[in-house]
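Here the structure is a predicted model, which is why all the values come from computation and not from measurement. Just so we're on the same page: letters track the sequence lines, and every chain starts at 1.
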Amino acid sequence: MSAPSTVIDQPPSSGAASLLICEHCDTVYQRRPLARGETAHCARCHAVLERHHSLGTGAMLALVLTALVVFVEANVWPIVTFGLNGTDVSTTLWGMIATMWTEDAKVVSLLAAATLFFFPLVKILTLGWLLLFGRVGRRAPGFRALMVMLHYLQPWTMSEVFVLGVLVSIVKAHLYFDVIPDVGVFAYAVLVILITVFAGIDLRRLWDMVPEPHA
Amino acid sequence: MSALPRASELGLISCHVCGLVCRDAACEGMVCPRCGTSLHRRKTASFARTWALLIAAFILYIPANVLPIMRTASLGDVDDNTIISGVMELWAKGSPDLAVIVFTASILVPLTKFLVLSTLLISAKRRSQWARPQRARLYRLVEFVGYWSMLDVFVVALMTALVQFGFFSLVAPLPGVIYFGLTVVLTMLASMSFDPRLIWDDKGDDD
Ligand SMILES: [Zn+2]
C-alpha cells in the first residue's frame, strides 16, 4: 500500500507515456517511479494502478522455461491413482478429457482441454517467445498480435482451479476407494505457485520494456 | 474527490488492451497506435451485452442446479447427485471444509455474481453516486473469483475419469454439469463486458 501517483492538472503537450489512466475509473495520473515492493493505488477507486517490478526479462524467461518443464510433467504424469482389490488405476489430464468426450459431455471435455491444456500451453509458449527476444532488447516477430492475444487469453487459464478440483475429487473418491495423489498433481501444485508469481507481473510492461523498432 | 481529473475531461483515452494513453480524437474508428485495437471511451454496448450474457447465464443456471451433475453407481446402488446434494454428501461423509469450499465456488459465487452484476448495471445506468468505492470493490471481487466456479465441473470430470476402468463401480457425468460449465463461461463473459468506469460516470458524461 502506498499513496497514489501525483495527480496532474494539465494534459501534457507530449509524452503520453508518462501518464497512467486507472482502468477501473478513468482517473488520470502522472507516472512516478515506485520503490521496491511498492504498489500504487488509485485514489478514486482504490484499484491497483501499478506494482514495482524487480524481475527483468531474463528472470521472467527463466520462470517461463521452468513453467514449461513443470507443465509438461503435470500433463504426462498421472494425477491420481486409486487402488481397488489390489489393482491400481490412474488417470492423467488427457485421460480425463478423453473420458468426458466419450461420456457425452463434450462441452465439458472441450472446456477442460481449452482451459487446462491449450490456453496455458499457448500462454507459456507465447511468453517464452516474446521474452526470448525481449531479453536482447528486441521485439519478437508477431509481437503486437501476440501481446493482444495474451491479453484476451489471460482470464481463461484455470490450472489453479483444477488443483483444488483434484483435492476435492480425492476426498470424494475416498468414500469408495483407496485414493492417492500422484506425481502429476504435485507438478500442478508447483505450476500454481509459478502462476501466482506471474499473476503479480503486469505483462503489459513488455510494451514499454521492448522499444518499437522504428521509433 | 472530484478534483481528480478523469480521462474524458482531459481529452484522453486509454486502450482497453494495452493500456496506452492516447489523445481522444473524438471521431469514429480511432485505433490504438501501439496495439492496433480500436479505441472506445467505454467498452462497446456494455449495458446491453452484460445484461444479455447475465440473463442467458441465469437461465442456464436453473437446469445446472435442478438437473443432476453426476451419477455414482456402486453395487447396484444408483445415486444421482445435484450440485447441492454433492456438497451435502461431502459435508456428511468427506470433509466439511472442502464442502464449504465447493459450496462457495458453485453456489455462492454464481449467485453473488448475478446479484452484484445486476446491482452494478442498474446503479450505473441510473448514474447513482451511492457507495461508489464499495461498488468498484465489488466488481473487482466478482471479476477475481469468477472462474473458481469451474471447480465442480473439474471434479465431475476427474471422478468420471477415475472410475471408468471397468470396475463394478461407475461414475458418469449427467447433463447438469454441462449447463453448469456454460453458466460459468457466460458469467465470466458478463463480468468482462461490464465496464467499471460506468460506476464513476456522472450525468452529462456520455459514452
Ligand atoms: Zn481508479
Part of [X] within contact of chain B (heavy atom distance under 4.5 Å):
X        : answer
A/Leu116 : side chain
A/Thr115 : side chain
A/Ala47  : both
A/Val107 : side chain
A/Met100 : side chain
A/Leu111 : side chain
A/Phe143 : neither

Taking side chain as everything from C-beta outward and backbone as N, CA, C, O, which of these in [X] sits under 4.5 Å from a heavy atom of chain A? Side chain, backbone, both or neither.
X        : value
B/Ala136 : side chain
B/Glu143 : side chain
B/Arg137 : side chain
B/Thr72  : side chain
B/Leu90  : side chain
B/Val185 : both
B/Arg140 : side chain
B/Val177 : both
B/Leu174 : neither

Option that, when pairs with chain B are counted at under 4.5 Å, heavy atom only, ranks first among [options]:
options                     : result
A/Leu93, A/Val168, A/Val80  : A/Val168
A/Ala98, A/Gly165, A/Cys45  : A/Cys45
A/Ala105, A/Cys25, A/Ser109 : A/Cys25

Worksheet item: Do A/Thr27 and A/Arg44 have a side chain donor and acceptor closer than 3.5 Å?
Response: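 Note: A/Thr27 and A/Arg44 side chains meet the donor-acceptor criterion.
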
Discussion item. Ring of B/Phe47, cation from B/Lys125 - is the NZ or CZ under 6.0 Å from the centre and inside 45° of the axis?
Written reply: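 Yes; both conditions hold, so B/Lys125 lies above the ring face of B/Phe47.
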
Worksheet item: With ring centroids as reference points, do B/Tyr139 and B/Phe144 lie under 6.0 angstrom apart?
Response: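 No, the ring centres sit 6.0 Å or more apart.
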
Item to complete: Compute the ring centroids of A/Phe186 and A/Trp77, then answer whether they are less than 6.0 Å apart.
Response: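 Distance test on ring centres: not under 6.0 Å, no.
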
Worksheet item: Hey, mind stepping through A/Leu125 and A/Phe71 against side-chain contact (heavy atoms from CB on, under 4.5 Å) and telling me if it holds?
Response: CA-CA 11 Å; A/Leu125 291 178; A/Phe71 182 81; over 6 Å; no

Discussion item. Apply side-chain contact (heavy atoms from CB on, under 4.5 Å) to residues A/Leu194 and A/Val70 and explain how you reach the verdict.
Written reply: CA-CA 9 Å; A/Leu194 289 170; A/Val70 176; 4.3 Å; yes

Worksheet item: Is the shortest distance from a Lys or Arg side-chain nitrogen in A/Asp26 or B/Arg41 to a carboxylate oxygen in the other one below 4.0 Å?
Response: no

Worksheet item: Can we say B/Arg42 and B/Asp195 salt-bridge, meaning some charged N sits less than 4.0 Å from an Asp/Glu carboxylate O?
Response: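 B/Asp195 and B/Arg42: not salt-bridged.
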
Practice prompt. Evaluate the criterion side-chain contact (heavy atoms from CB on, under 4.5 Å) for residue pair B/Ser46 and B/Leu198; output intermediate values, then yes/no.
Written response: CA-CA 9 Å; B/Ser46 182; B/Leu198 296 169; 3.6 Å; yes

Discussion item. Under a 4.5 Å cutoff for heavy-atom pairs, which residue among B/Val153, B/Leu158, B/Leu182 has the most contacts with chain A?
Written reply: B/Leu158

Worksheet item: Which of the residues B/Ser149, B/Gly181, B/Ala157 is involved in the greatest number of heavy-atom pairs with chain A at under 4.5 angstrom?
Response: B/Ala157

Worksheet item: Given the rule in the salt bridge (charged side-chain N to carboxylate O under 4.0 Å, His left out) test, do A/Arg32 and A/Glu50 qualify, once you have shown the distances and angles that lead to the verdict?
Response: CA-CA 10 Å; A/Arg32 70 173 175 83; A/Glu50 253 191 323; over 6 Å; no

Item to complete: Go through A/Ile124 and A/Trp129 one step at a time and tell me if the side-chain contact (heavy atoms from CB on, under 4.5 Å) criterion holds.
Response: CA-CA 9 Å; A/Ile124 292 172; A/Trp129 174 254; over 6 Å; no

Discussion item. Keeping A/His52 on the side-chain end and A/Glu38 on the backbone end, is there a donor-acceptor pair under 3.5 Å?
Written reply: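 No; zero donor-acceptor contacts below 3.5 Å.
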
Practice prompt. Go through the steps to decide whether A/Glu103 and B/Arg71 satisfy the test salt bridge (charged side-chain N to carboxylate O under 4.0 Å, His left out), and finish with yes or no.
Written response: CA-CA 12 Å; A/Glu103 281 293 313; B/Arg71 165 167 297 166; over 6 Å; no

